[in-house]
Amino acid sequence: MKLNKFIFGAAALALCSGAFAQTVTFHSGIDYTIWGLSQARYDNDGTTEKTDASAGYDPDGKMTVDVGVRAASFEFNLGLYFNADGGDEEFFDYSDGGKGTPFYKGNMKVGFLNDQIQLYTGKFHDFNAGYIANGAVLGTQYITNLADKNYGPYLTALEIAPQKVSGLKLFAGLPILPIRGNGIQTDWEGNQWKYLGKKIKLAATYQLPTGMSINAGFRPGTYYDGVDRGTMAIATDDSGSTTFNEKTAFTKSMFGEGFVQFVAPGIADKINLVASYDVRWRKAEYQTVNNTTKEHRPLAHMVGLSGEVALTDEITLAAEDRLFYAGDDYIVANEKLMYDILALNGEYALPGTQCRFGLGLAGIFASDAMGKGFALNSKGNARVNNGAYATHGDITLALNDMATAKANGGEATKYMGSYAKPYFKYNFSNGDLIIACELAFTKAYTSNYTNTCFAYRVPIGVKFNF
């Protein structure tokens, strides 16, 4: 079955390449990591256990095959994605009955009025149209993409760049799904106009004459559109519990969100800065002392600051800090959370060679009210216990899915985490090889118990682009 999908996908890409176009581009990427050695040791309130030392490959490894067709003001993109094991289970399309699909994107862009207006439509992957700048160390921001495989890959949008206001761009989109025909269907509840209006995604950017820019975005609601049931199952209902209801899965908002960014490339000699603020809100319930239920809209805030400087042609340093606070009941009922991560990275390029040596460091501190701020995922890593902040597995106690200490729950808990990654990188003309050692220590503790975890692994990563 998977071979048939691959053959069909390859044929579709070849067919697209035969279109009447000025430019046809093919691109393929391979990104695999092999764990030469990995192990974790847990100490849960005096009880010690450890995993067996093991080796294997990272199941999140990937191979992509993309084709792009360009003709005047028209652009078409189609892409195939396969996991490290050759499967396509990473992408499920509920609009096609929840089937796994190797097509992780298929979209087009058409320009009008000398490209002052751009029309986007189709299926996208981690798409932000340039309105969200990544961090220098931690990469993807704690800001939701305009189209995303977790919260909905489908998008139809207009972007306006008026010539009379140089540097200004405005973006507005709706997650219109290709269900049983075209446009808006009354038999598909999530595609009805009364719900689509709540799902609008707005963004804007203004680039100053100095090259600095201000980005902003707003969405009244965030919904699961055209994604798998497994992902939707992490959604929280009004009381904070994790349930899935097929009838309301596409019509019930997970959260509303707004963000603003200040992006300053070259603000000083060889220094790049990015400052971000994101706020989210959702509907929640709480019990009063009179045992009555009250609704309110708790808030969650994120403030991020990222900087990178090239000290010399050989030495680059980067630092990033993100502070997150979730108010009462935002994560789960009767819970609040404060979280901060500081990450550093330094890299030295050996002159006259393709070799680089680097060191990544991170420190994490968090505190909650009931010991329920984090939940362990299938890989044993503690991530924030709410689907409304799980876009990219954002808030976590150990970077890169390394094992973490577990909170017992029921009382206020503090958390600490530290991470180190010395590495060697060799750059090829079309990729790189990285050999590293990752070390992580995490701790969850109260006045009544202390749980710790120490984990290490030796990744060997290869990345090629063709």
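Treat the numbers as computed from the prediction; the structure is a model and nothing was measured.
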For this session: Decide yes or no on side chain to side chain contact (heavy atoms under 4.5 Å, CB included) for I30 and F466, but give the supporting numbers first.
Result: CA-CA 9 Å; I30 297 174; F466 307 97; 4.0 Å; yes
Problem set entry | F124 and L146: CA distance, side-chain angles, deciding distance, side chain to side chain contact (heavy atoms under 4.5 Å, CB included) verdict | CA-CA 9 Å; F124 298 83; L146 296 170; over 6 Å; no
For this session: Please test N77 against R70 for side chain to side chain contact (heavy atoms under 4.5 Å, CB included), starting from the C-alpha separation and ending with a verdict.
Result: CA-CA 9 Å; N77 300 287; R70 311 288 185 271; 3.4 Å; yes
For this session: Let me see the working for Q141 and D278 under side chain to side chain donor-acceptor pair (under 3.5 Å), right down to the final yes or no.
Result: CA-CA 9 Å; Q141 296 284 355; D278 181 87; over 6 Å; no
Exercise. Could you go step by step and tell me if F103 and L80 meet the side chain to side chain contact (heavy atoms under 4.5 Å, CB included) rule?
Worked result: CA-CA 5 Å; F103 289 96; L80 295 168; 3.5 Å; yes
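The shortest side-chain heavy-atom distance between N345 and K421 does not fall under the 4.5 Å cut-off. The shortest side-chain heavy-atom distance between M108 and T121 falls under the 4.5 Å cut-off. Looking at C355 and Y426, their side chains come closer than 4.5 Å, going by heavy atoms from C-beta outward. L439 places none of its side-chain heavy atoms less than 4.5 Å from the side chain of F441. Side-chain atoms of F26 and D66, non-hydrogen and from C-beta on, never get closer than 4.5 Å to each other. The shortest side-chain heavy-atom distance between T413 and F374 does not fall under the 4.5 Å cut-off. With a 4.5 Å cut-off on side-chain heavy atoms, S213 and V263 count as touching. Contact of the Y42 side chain with the N451 side chain is not registered, since no non-hydrogen atoms from C-beta on lie closer than 4.5 Å.
At least one donor-acceptor pair under 3.5 Å links the side chain of T396 to the backbone N or O of A382. No side-chain donor-acceptor contact under 3.5 Å links D368 to the backbone of K336. Panel note: side chain S306, backbone E320; no donor-acceptor pair is recorded below 3.5 Å. With hydrogens and angles ignored, the 3.5 Å screen pairs no side-chain donor or acceptor of Q354 with any backbone N or O of F428. When atom types are taken as modelled, the side chain of R282 and the backbone of Y330 share a donor-acceptor pair closer than 3.5 angstrom. Formation of a donor-acceptor pair under 3.5 Å by the N272 side chain with backbone atoms of G266 is found in this model. Side-chain atoms of N83 never come within 3.5 Å of backbone atoms of K62 as a donor-acceptor pair (strictly under, hydrogens ignored).
Below 30°, between 30° and 60°, or above 60°: for Y104 and H125 the angle between ring planes is above 60°, a perpendicular geometry. Using the six-membered ring where Trp is involved, F74 and F76 have ring planes that are parallel, under 30° apart on the 30 and 60° scheme.
Closest heavy-atom contact between T144 and I132: O-CD1, 3.6 Å. Looking at every heavy atom in both residues, G346 comes nearest to L317 through CA-CD2, 3.8 Å. L397 approaches I364 most closely through the heavy-atom pair O-CD1, 3.3 Å. When all heavy atoms of D225 and Y154 are compared, the pair lying nearest together is O-CD1, 4.4 Å. Residues D328 and P298 approach most closely at O-CB, 3.1 Å, considering heavy atoms. Minimum heavy-atom separation, S276 to Q261: OG-NE2, 2.9 Å.
By the ring-ring contact (aromatic ring centres under 6.0 Å, His included) test, F357 pairs with F424, sequence neighbours left out.
We find the CZ-CD1 distance between F365 and I341 to be 14.0 Å, quoted to the nearest 0.5 Å. In this structure, CD1 in I200 is found 4.5 Å from CG in L202, a value given to the nearest 0.5 Å. To the nearest 0.5 Å, the span separating CZ on R356 from CD on E314 amounts to 9.5 Å. In this structure, T222 OG1 and M254 CE are separated by 8.5 Å, a value rounded to the nearest 0.5 Å. Here the straight-line distance linking atom CD1 of I34 with atom CD1 of I460 works out to 6.5 Å at 0.5 Å rounding. Here the CG atom belonging to N465 is positioned 7.5 Å from the OG1 atom belonging to T64, to the nearest 0.5 angstrom.
Annotation for M416: atom CE does not count as buried by contact number, only 12 or fewer foreign heavy atoms lying within 6.0 Å. Environment of CG in N114: sparse, with no more than 12 heavy atoms of neighbouring residues, nucleotides or ligands closer than 6.0 Å. Within a 6.0 Å sphere centred on NZ of K463, other residues, nucleotides and ligands contribute 12 heavy atoms or fewer.
Salt-bridge check for D126 with K105: failed, with every basic side-chain N at 4.0 Å or more from each acidic carboxylate O.
A centroid separation of 6.0 Å or more is found between the aromatic rings of Y57 and Y32.
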Compile the donor-acceptor pairs under 3.5 Å between side chains in residues 158-177 and protein atoms, sequence neighbours left out, one pair per line.
residue : atom : partner : partner atom : Å
E159    : OE1  : Y120    : OH           : 3.4
E159    : OE2  : Y131    : OH           : 2.6

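Y151 pairs in a ring pair (Phe, Tyr, Trp, His ring centres under 6.0 Å) with only one of the listed residues (F127, Y223, F255), which is F255.
Taking the centre and axis of the six-membered ring of W281, the NZ or CZ atom of R297 falls outside the cone set by 45° and 6.0 Å.
Between the side chains of E347 and Y423, at least one donor-acceptor pair of N or O atoms lies under 3.5 Å.
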